[in-house]
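No hydrogens, no waters, no symmetry mates; every other heavy atom, side chains included, goes into these values.
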Amino acid sequence: MAVPVIDMSMLDGNDRAQTMAKIANGCEEWGFFQLINHGIPVELLDGVKKVCSECFKLYREQRFKDSAPVQLLNDLMGGKKDEVGERLKNTDWEDVFVLLDTNEWPSQPAEFK
């Protein structure tokens with residue numbers, strides 16, 4: 001099985017109905033699909049990826065520093081909140097970015113707005 005690949009250039013031709021069916025299948029059966037020939041410049045896509053990565057990194061770092069486990073460990077180690085990064089620098093942690101539908105855009109990085 002492979003992720004559905006939709007050729008957007010086919011929407012303006014005789015294959016429109018077939019392309020629309022592929023889009024419906026991608027949505028209903030997979031929940032996503034890959035678009036090709038969509039006309040969006042690669043530079044713009046790369047810029048969006050970069051800004052999103054920066055936003056998620058800032059979010060994860062702050063959430064990590066503010067998390068209950070870090071606070072507990074920091075307290076146990078006798079540190080202050082400002083020293084969290086240094087005290088736990090070599091600790092291996094798994095982090096997760098949770099996307100909630102609060103319709104609020106992060107304030108950092110500024111390019112994300």
Applied to residues 29-39, the side-chain hydrogen bond (donor to acceptor under 3.5 Å, both in side chains) test, sequence neighbours excluded, yields D7-N37

Contacts of K57 meeting side chain to side chain contact (heavy atoms under 4.5 Å, CB included) (sequence neighbours excluded), chain-then-number -> R60, E61

Students should find that the hydrophobic cluster of V42, defined by side-chain heavy atoms under 4.5 Å apart, otherwise consists of none

Separation between CE (M10) and CZ (R16), nearest 0.5 Å, reads 13.5 Å

Contacts of E28 meeting side chain to side chain contact (heavy atoms under 4.5 Å, CB included) (sequence neighbours excluded), chain-then-number -> A24

Residues joined to V5 in its hydrophobic cluster, side chain to side chain under 4.5 Å directly or through other members, sorted by chain and number, are I36

CG of L35 to OG of S9, rounded to nearest 0.5 Å, is 11.0 Å

Between G26 and P4 the two heavy atoms that sit nearest each other are CA-CG, 4.0 Å

dist I6:CD1 -> Q18:CD (nearest 0.5 Å) comes out at 10.0 Å

